[in-house]
Amino acid sequence: MDAVVAGTPQDVAPSRALAVWGVAVAAYALGVFHRSSLAVAGLHATERFGLTGSQLASFVVLQLVVYAAAQVPMGILVDRVGPRRVLLGGVLVMSVGQAVFALADSYAGVLAARAVVALGEAASLVCVLRLIPAWFPSVRVPLLTQATGPVGQLGAVAATAPTVWSLRHLGWEATYLTSAVAGLAVVVALVVVVGDEPARRVRTGTPLAWAGIRRSIRESWARPGTRLGFWLHFTHHFSPSVLGLLWGYPFLVIGQGLSEEVAGLLLSLMMLTIVVAGPVTGWWTGGRPSLQVTYAVGCTGGLAAVWAAVLAWPGDAPIGLLVGLMVAAGVAGPCALLGFEAARWRSPSSTLGLTNALVNCGGFLASLLAVLAVGVVLDVSGGSGPDGPTALHLDVAMTVQFVLWGLGFVQVRRQWRRCSVGAAS
């Protein structure tokens with residue numbers, strides 16, 4: 001068993017720190033799989049439960065609402081009882097939810113199951129991000145933070161083409177029960193490997209009364225770095241989420257006339273691009289705040305341009321352009337994690353869990369708005385009728401992204417100027 005290894009991250013053996021990070025990221029990847037696995041199962045769910053477009057969107061919307069609403073409580077819990085215990089509880093909860101999702105036979109049942117999954121998953125990323133500065137020297141933190149998202153997205157890779165195969169050959173129940181059982185293996189690894197800090201398996205923070213909690217939230221949100229991080233996450237998270245969580249698969253199959261297999265491969269390409277682009281982003285921008293913001297805005301501006309070309313193309317877009325869309329989304333996606341770096345510049349370590357939770361709310365709020373808006377536009381335009389959506393319905397619905405990008409870019413510029421003024425003073 002692990003005794004006290006060392007008192008500071010600088011004294012920890014790199015292999016030990018990487019083992020802690022690897023197991024914690026495995027828990028995060030499992031949560032990403034649970035969240036993303038409905039993306040390629042949307043058409044199956046529609047047939048299985050007889051859903052409309054809005055009802056189908058409600059699965060993802062509910063997940064995002066619960067996830068976002070749980071962020072601040074999870075951040076406070078992480079600061080109070082430590083990331084190890086919170087992460088263990090989260091994996092157990094989302095595994096139970098996924099098992100219920102596999103066996104439920106009604107719309108209400110699967111809706112409740114997705115809410116439970118989201119509650120458990122809400123613990124994952126904030127816990128991993130809290131463990132990184134506890135186990136690694138500060139010079140390694142930006143790279144490990146950026147690597148967390150892409151490695152976690154391996155769960156989303158497993159939720160695309162492999163899940164298409166599993167649903168077709170093994171069926172609904174076997175596919176989702178298998179993923180629920182996988183949570184038990186992750187729980188064992190967390191118990192054996194992960195500790196809150198090198199010197200302490202379990203860390204307990206200072207108890208807070210309601211007045212102290214409210215004050216901590218106000219103080220954290222008042223920091224310009226927290227608000228910049230929130231809006232960076234908001235602006236760069238939602239478009240890959242729209243593709244990967246629900247609407248990418250129908251858009252490619254119905255809107256662009258691709259086969260289910262090719263659509264699954266394209267979504268897998270986006271996830272794999274995220275895996276590669278994340279560490280490169282961390283290496284290239286680490287320790288350079290100005291470059292981080294400029295690089296993030298440039299990547300997402302490029303993604304918006306590719307989206308505009310796809311949506312404006314007469315008829316089905318050529319496969320090369322669709323490949324470009326997946327690559328652009330995969331490069332822009334990791335930029336959302338630069339929001340955590342922006343917030344970390346000006347946040348005390350004692351409240352880093354809460355600060356990360358506030359930043360994380362930005363991207364999931366934007367994803368919630370985007371996913372919901374696409375479903376609403378489809379319903380209003382007649383795309384949820386008995387014949388289903390057409391390519392035109394889906395093209396029109398996807399334009400809602402440009403509204404959110406406009407809002408995000410304005411706020412990023414505004415908050416970055418405030419950070420610059422604060423640094424100068």
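Bear in mind the structure is a predicted one, so any value in this text is a computation, not a measurement. Here, residue 1 is the first one in the sequence, and each next residue gets the next number.
Closest heavy-atom contact between A115 and L62: CB-CD2, 3.8 Å. Nearest heavy atoms, A113 versus G97: CB-O, 3.5 Å. Across C127 and V78, no two heavy atoms sit closer than the pair SG-CG2, 3.7 Å. The two residues P240 and G333 have their closest heavy-atom pair at CG-CA, 3.9 Å. In terms of heavy atoms, V359 sits closest to A343 at CG2-CB, 3.6 Å. Here the shortest heavy-atom pairing between L243 and M270 reads CD1-SD, 3.8 Å.
Not a single donor-acceptor pair under 3.5 Å links the side chain of R35 to the backbone N or O of G31. With hydrogens and angles disregarded, no donor-acceptor distance shorter than 3.5 Å links the side chain of T294 to the backbone of L291. At least one donor-acceptor pair under 3.5 Å links the side chain of W247 to the backbone N or O of V371. At distances below 3.5 Å, at least one donor-acceptor pair connects side-chain atoms of H233 with backbone N or O atoms of G363. Panel note: side chain Q256, backbone A317; a donor-acceptor pair is recorded below 3.5 Å. A donor-acceptor pair is defined here as one N or O able to donate and one able to accept, closer than 3.5 Å; such a pair exists between the side chain of H236 and the backbone of A296. Without hydrogens or angle criteria, H169 side chain to S166 main chain gives no donor-acceptor distance under 3.5 Å. Checking side-chain atoms of W284 against main-chain N and O of Y295 turns up no donor-acceptor pair under 3.5 Å. A donor-acceptor pair under 3.5 Å is formed between the side chain of T399 and the backbone N or O of V396.
No hydrogens or angles considered: a donor-acceptor pair under 3.5 Å links the side chains of T148 and W21. Counting only N and O atoms by type, the side chains of N360 and Q71 include a donor and acceptor under 3.5 Å apart. Side-chain atoms of S220 and T355 include a donor-acceptor pair closer than 3.5 Å.
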Would L394 and L378 count as a side chain to side chain contact (heavy atoms under 4.5 Å, CB included) if you check the C-alpha gap in whole Å, the side-chain angles of each, and the deciding distance to 0.1 Å?
CA-CA 7 Å; L394 287 162; L378 285 176; 4.1 Å; yes

Intermediate values then yes/no, side chain to side chain contact (heavy atoms under 4.5 Å, CB included), F234 and L404
CA-CA 9 Å; F234 179 102; L404 295 175; 4.1 Å; yes

Could you walk me through whether R214 and E219 satisfy the salt bridge (Lys or Arg N to Asp or Glu O under 4.0 Å) test, starting with their C-alpha distance in whole Å, then the side-chain angles of each, then the deciding distance to 0.1 Å, before giving a yes or no?
CA-CA 9 Å; R214 291 194 297 269; E219 289 174 353; over 6 Å; no

Kindly indicate, with the supporting measurements, whether the criterion side chain to side chain contact (heavy atoms under 4.5 Å, CB included) is fulfilled by L228 and C419.
CA-CA 8 Å; L228 175 61; C419 284; 3.9 Å; yes

Is there a side chain to side chain contact (heavy atoms under 4.5 Å, CB included) between E260 and Y249? Walk through the geometry before answering.
CA-CA 8 Å; E260 294 184 2; Y249 194 68; 2.9 Å; yes

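Contact of the V65 side chain with the F364 side chain is not registered, since no non-hydrogen atoms from C-beta on lie closer than 4.5 Å. Side-chain contact between W135 and L144 is absent, with no heavy atoms from C-beta onward closer than 4.5 Å. For the pair L354 and V126, the minimum side-chain heavy-atom distance is 4.5 Å or more. Between L167 and Y176, some side-chain heavy-atom pair lies under the 4.5 Å cut-off. Between F340 and L125 there is a side-chain heavy-atom pair separated by less than 4.5 Å. Within the 4.5 Å cutoff, no side-chain heavy atoms of V100 are placed close to those of V116. Side chains of F230 and L365 form a contact here, defined as non-hydrogen atoms less than 4.5 Å apart. You'll find the side chain of E261 reaches within 4.5 Å of the side chain of R168, heavy atoms only.
The CG atom of D395 sits 8.5 Å away from atom OG1 of T390, with the distance rounded to the nearest 0.5 Å. Within the model, atoms CG of L232 and CD of E341 stand 11.5 Å from one another, a figure rounded to the nearest 0.5 Å. With rounding to the nearest 0.5 angstrom, the CG atom of L265 is 12.0 Å from the CE atom of M326. The distance from the CG atom of L338 to the OG1 atom of T281 is 6.5 Å, given to the nearest 0.5 Å. A distance of 9.5 Å separates CD of Q98 from CE of M94, quoted to the nearest 0.5 Å. Atom-to-atom distance recorded for L87:CG and L77:CG is 12.5 Å, nearest 0.5 angstrom.
The number of heavy-atom neighbours closer than 6.0 Å to CH2 of W313, taken from other residues, nucleotides and ligands shown, is 12 or below.
A salt bridge does not link R130 with D196: every distance from a Lys NZ or Arg NE/NH1/NH2 to an Asp or Glu carboxylate oxygen is 4.0 Å or more. A salt bridge does not link E121 to R114: none of the charged side-chain nitrogens sits closer than 4.0 Å to a carboxylate oxygen.
Put simply, the residue from F238, F251, F402 that forms a ring pair (Phe, Tyr, Trp, His ring centres under 6.0 Å) with W307 is F251. Checked against L325 for a side-chain contact (heavy atoms from CB on, under 4.5 Å), the options L252, L266, V306, L269 give a single hit: V306.
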